[in-house]
K.L.:
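Could you have a look at this structure, given as structure tokens, before my questions?
Only this structure's heavy atoms are used, side chains among them; waters, hydrogens and symmetry mates stay out. Each residue takes its place number in the sequence, starting with 1.
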Amino acid sequence: MTEQISRQQYLQNQYNAYKSQLQQIAQKIVDLETDADEHKLVNETLKPLDKDRRCFRMIHGVLVEQTVETVMPALQTNQEGIRKAMDALLEQYKELETQFTKFQKDNKIQVVRQ
């Protein structure tokens, strides 16, 4: 009886760990999507402007004055980095989701919704 309870507790802990990891990854993806949208908006705003026009950029919490010409390449590099990070997190999410589904099938776990 005690062995069955500890197995149930183990399975419950594993289940909760998978759910928690999936939620954390999903939240990171949402945060990165927000960042990507902000970068896109800034990029669209700066694109039609004169290259010599000054603009301000936040770097590690410090507002720095630069020109549109110097900001645009950094902005595009950041956008690409965000996209790559999002793609990597999406792959990680899919892989973990597959592992979770396998875990549920292997242990005959059924979710009961109330």
Side-chain angles (χ1 to χ4, degrees):
M1 183 74 171
T2 311
E3 189 175 305
Q4 186 177 1
I5 292 173
S6 64
R7 176 163 167 70
Q8 286 176 342
Q9 187 63 39
Y10 169 77
L11 291 175
Q12 183 67 46
N13 289 342
Q14 289 295 103
Y15 181 88
N16 290 340
Y18 274 116
K19 292 292 277 186
S20 176
Q21 287 176 322
L22 286 168
Q23 287 174 342
Q24 288 173 355
I25 294 171
Q27 184 58 50
K28 288 177 187 176
I29 291 170
V30 167
D31 291 345
L32 286 176
E33 284 176 342
T34 302
D35 287 349
D37 289 343
E38 289 174 1
H39 277 72
K40 181 181 176 189
L41 180 64
V42 171
N43 194 12
E44 290 172 355
T45 303
L46 293 179
K47 214 173 238 180
L49 299 179
D50 180 39
K51 301 288 183 207
D52 295 327
R53 182 172 174 163
R54 69 182 178 150
C55 63
F56 294 89
R57 179 173 175 225
M58 184 75 72
I59 302 175
H60 302 293
V62 177
L63 198 59
V64 179
E65 182 178 342
Q66 296 180 327
T67 63
V68 170
E69 184 176 32
T70 58
V71 169
M72 288 298 285
L75 186 64
Q76 291 169 346
T77 300
N78 287 350
Q79 255 183 313
E80 291 169 12
I82 290 170
R83 278 283 155 219
K84 287 179 184 176
M86 281 177 53
D87 291 343
L89 282 173
L90 282 169
E91 279 300 313
Q92 186 180 351
Y93 185 90
K94 288 176 186 176
E95 185 179 317
L96 188 60
E97 192 174 40
T98 302
Q99 291 174 9
F100 183 44
T101 302
K102 183 181 182 316
F103 167 78
Q104 287 177 306
K105 286 181 183 177
D106 290 349
N107 293 291
K108 298 177 178 83
I109 296 174
Q110 295 179 350
V111 178
V112 179
R113 304 209 189 263
Q114 296 176 356

K.L.:
What side-chain donor-acceptor pairs closer than 3.5 Å can you find for residues 26-37, not counting sequence neighbours?
P.N.:
unit_1 : atom_1 : unit_2 : atom_2 : d
Gln27  : NE2    : Asp31  : OD1    : 3.0
Thr34  : OG1    : Val30  : O      : 3.1

K.L.:
Quick one: are Gln76 and Asn43 in side-chain contact, heavy atoms under 4.5 Å?
P.N.:
yes
K.L.:
Find out if a path of hydrophobic residues (ILVMFWY) with successive side-chain heavy-atom gaps under 4.5 Å connects Phe56 to Met58.
P.N.:
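Looking at the clustering, Met58 is in the same group as Phe56.
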K.L.:
How many angstroms lie between atom CD of Glu65 and atom CZ of Arg54, to the nearest 0.5 angstrom?
P.N.:
4.5 Å
K.L.:
If you count the non-hydrogen atoms of other residues, nucleotides and ligands that lie under 6.0 Å from CZ in Arg83, is the total more than 12?
P.N.:
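No, CZ of Arg83 has 12 or fewer neighbouring heavy atoms, counting only those of other groups under 6.0 Å.
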K.L.:
Could you pull out the closest heavy-atom pair between Asp52 and Thr67, with the gap in Å?
P.N.:
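Minimum heavy-atom separation between Asp52 and Thr67: O-CG2, 4.0 Å.
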K.L.:
Tell me which donor-acceptor pairs under 3.5 Å the side chains of residues 89-102 have, and how far apart each pair is, sequence neighbours excluded?
P.N.:
unit_1 : atom_1 : unit_2 : atom_2 : d
Thr98  : OG1    : Lys94  : O      : 2.9
Thr101 : OG1    : Glu97  : O      : 2.9
Lys102 : NZ     : Asp106 : OD2    : 2.6

K.L.:
Any chance you could pull the hydrophobic cluster mates of Leu46, using side-chain heavy atoms under 4.5 angstrom and chaining through other members?
P.N.:
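The other cluster members (ILVMFWY side chains, heavy atoms under 4.5 Å, direct or chained) are Val42, Leu49, Val68, Val71, Met72, Leu75.
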K.L.:
Kindly compute the distance separating CD (Glu38) from CD1 (Ile82), expressed to the nearest 0.5 Å.
P.N.:
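Those atoms lie 8.5 Å apart.
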K.L.:
To the nearest 0.5 Å, what is the distance between CG (Leu11) and CG (Asn16)?
P.N.:
11.0 Å
K.L.:
Rounded to the nearest 0.5 Å, how far does CD of Gln12 lie from CD of Gln8?
P.N.:
9.5 Å
